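The chains referred to below are lettered A, B, ... by the order of the sequence lines, with proteins before strands, and numbering in each begins at 1. Everything numeric in this text was worked out from a predicted model, so none of it was measured.
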Protein chains: 2
Amino acid sequence: MRVNQLAKNLNITGDTVRFYTRIGLLSPAKSSVNGYKDYSDKDQSRMQFILSARNLGFSVDEIKVIFSRTDQGESACGLVRQMIQQKLEETEKQFEEMVKLRRKLSNAVEDWSHKPDKAPTGNMICHLIEGTYAESSQLEANREASMTPSLED
Amino acid sequence: MRVNQLAKNLNITGDTVRFYTRIGLLSPAKSSVNGYKDYSDKDQSRMQFILSARNLGFSVDEIKVIFSRTDQGESACGLVRQMIQQKLEETEKQFEEMVKLRRKLSNAVEDWSHKPDKAPTGNMICHLIEGTYAESSQLEANREASMTPSLED
DNA sequence: ATAAACCTGTGTGTTAGACACAGGTCAAGG
DNA sequence: CCTTGACCTGTGTCTAACACACAGGTTTAT
Ligand SMILES: [Zn+2]
Ligand SMILES: [Zn+2]
Ligand SMILES: [Zn+2]
Ligand SMILES: [Zn+2]
């Protein structure tokens, strides 16, 4: 099976398959007749695994680590359980960053609606942006925390 | 003023200042004596503007567009208002992606807690990952939506 | 045979800096 | 004057996960 066939089977682009081949996660045989890469069914299920892992937010490097176990017949389950736990924590942090940014932006939109347009001066490029402070107030941070959806039932 | 002095003033690294110099957002004079770059106060306020804009999530390219106006004395306010509106929408999308990912991960952790470890086989690399489906159910999506903190008061 | 259509591998571009590094500069000491 | 060491500078390279461009090979139809 050639690159575009595999790609079509999994509904991805040939470039994606080539990428994972280039970095060594897929190792197709080389057709002796035309030099084209020849992907096996195992390559396809490997690619499918990569997609599932990426879907869960695993990085390519993390997937490499997983393969380094499973390619030797060892179970990666323990490792994977540990990895996803850490990933959940990272996601939580990023989530909170997003919440902050979202509030920062909507606050800016609100503030700016009270301000007029201005031409730039020697020490002011755009007063809208320059007048927007980075840190959100503690009060807002608390309010946001109370609005953050939890994972508990 | 030299690169590290400017960096210290704004509490950033010299590399950051060099980066923005390299891509042309800062244009310091060159000291004729030693070739070192010589930053003016205007360069510093430019750098400060860049930091404020980056803090609001503006990309370097967007900042370039802003400068292309203000460097000719034209106000960028209209443009900036339009940009931030769009950025707010993008952020909203990314936020929802984060929410989905977070739930996907915590669902996986829950599901996996009921499953045993397994060794890889010919067509299964890690059943935990492979058995985790991409799409969250509509029910969960709705529940998530109701838990999503809104920006309204 | 030939032309069009399709396919392949590889090189490069993308973000916003971080890091490495060879070499320049400067004050203190001999 | 010279040297040692500390500090500083500009530039080249690296990052993640592909997407895109492109020259050239292959296949199919005529
Ligand atoms: Zn497993
Ligand atoms: Zn208001
Ligand atoms: Zn403005
Ligand atoms: Zn349960």
Side-chain angles (χ1 to χ4, degrees), chain A residues 1-39 43 46-67 83 87 90-91 94 97 101 134, chain B residues 1-39 43 46-67 83 87 90-91 94 97 101 134:
Chain A
M1 165 195 307
R2 293 182 301 183
V3 57
N4 271 343
Q5 183 57 51
L6 172 49
K8 204 169 297 179
N9 291 352
L10 299 183
N11 202 33
I12 57 184
T13 79
D15 279 331
T16 299
V17 178
R18 286 194 197 96
F19 169 70
Y20 288 106
T21 304
R22 196 148 27 167
I23 65 176
L25 288 191
L26 301 178
S27 303
K30 285 158 202 164
S31 164
S32 55
V33 55
N34 55 11
Y36 288 2
K37 285 160 186 172
D38 184 28
Y39 294 87
D43 288 320
R46 241 175 128 78
M47 186 66 231
Q48 178 58 61
F49 174 83
I50 293 170
L51 293 177
S52 299
R54 295 278 309 126
N55 183 291
L56 284 174
F58 285 85
S59 74
V60 168
D61 277 349
E62 289 168 326
I63 296 172
K64 272 185 188 170
V65 173
I66 294 173
F67 278 153
M83 278 174 165
K87 200 146 288 302
E90 288 169 14
T91 301
Q94 291 176 28
E97 288 302 308
L101 177 60
Chain B
M1 158 194 313
R2 294 183 300 182
V3 57
N4 272 343
Q5 182 58 51
L6 172 49
K8 204 170 296 179
N9 290 353
L10 298 183
N11 202 32
I12 57 183
T13 79
D15 278 332
T16 300
V17 179
R18 285 193 198 97
F19 170 70
Y20 288 106
T21 304
R22 194 145 33 165
I23 64 176
L25 289 191
L26 301 178
S27 302
K30 285 160 203 164
S31 163
S32 56
V33 55
N34 55 12
Y36 287 2
K37 286 162 184 170
D38 185 27
Y39 294 88
D43 288 319
R46 242 175 128 81
M47 186 66 230
Q48 177 57 62
F49 174 82
I50 293 170
L51 292 178
S52 300
R54 294 280 307 126
N55 183 289
L56 284 173
F58 285 85
S59 74
V60 168
D61 277 350
E62 288 168 326
I63 296 172
K64 272 185 188 171
V65 173
I66 294 173
F67 278 153
M83 278 174 166
K87 200 146 289 302
E90 288 170 13
T91 301
Q94 292 176 28
E97 289 302 308
L101 178 59

B:Val3 vs B:Lys37 side-chain heavy atoms within contact, under 4.5 Å: no

A:Tyr39 side chain reached by A:Gln5 side chain, heavy atoms, under 4.5 Å: no

What is the distance from [atom1] of [X] to [atom2] of [N], rounded to the nearest Å?
X	N	atom1	atom2	value
B:Lys64	C:dA16	NZ	P	10 Å
A:Leu26	D:dA17	CG	P	15 Å
A:Leu51	D:dA17	CG	P	13 Å
B:Glu62	C:dT15	CD	P	11 Å
B:Leu25	C:dT15	CG	C1'	13 Å
B:Met1	D:dT9	CE	P	12 Å
B:Arg54	C:dT15	CZ	P	11 Å
B:Phe19	C:dA20	CZ	C1'	18 Å

Does a side-chain N or O from [X] land closer than 4.0 Å to OP1 or OP2 of [N], or not?
X	N	value
A:Thr13	D:dA19	yes
A:Thr16	D:dA17	no
B:Asn4	D:dC7	no
B:Asn34	D:dT9	no
B:Arg18	C:dG17	no
A:Lys30	C:dT8	no
B:Tyr36	D:dG10	no

Closest listed nucleotide, where the reference is the side chain of A:Tyr20 and the choices are D:dC18, C:dA16, C:dG9: D:dC18

SB check B:Asp15 B:Arg18 (cutoff 4.0 Å):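 Salt bridge present between B:Asp15 and B:Arg18.
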
Partner of B:Ile50 by side chain to side chain contact (heavy atoms under 4.5 Å, CB included), out of B:Ile12, B:Ile66, B:Ile63: B:Ile63

Sugar-phosphate only, base, or nothing, as touched by A:Arg2 at under 4.0 Å among non-hydrogen atoms: sugar-phosphate

B:Phe58 vs B:Gly35, nearer the 5' end of DNA chain C by closest nucleotide: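 Residue closer to the 5' terminus by nearest nucleotide: B:Phe58.
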
First encountered from the 5' end of DNA chain D, between B:Asp38 and A:Asp15: B:Asp38

Under-3.5 Å donor-acceptor pair between B:Arg22 side chain and D:dG12 base: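 Such a pair exists between side chain and base.
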
Spatial distance of atom CE (A:Met1) from atom CG (A:Asn9) [nearest 0.5 Å]: 5.0 Å

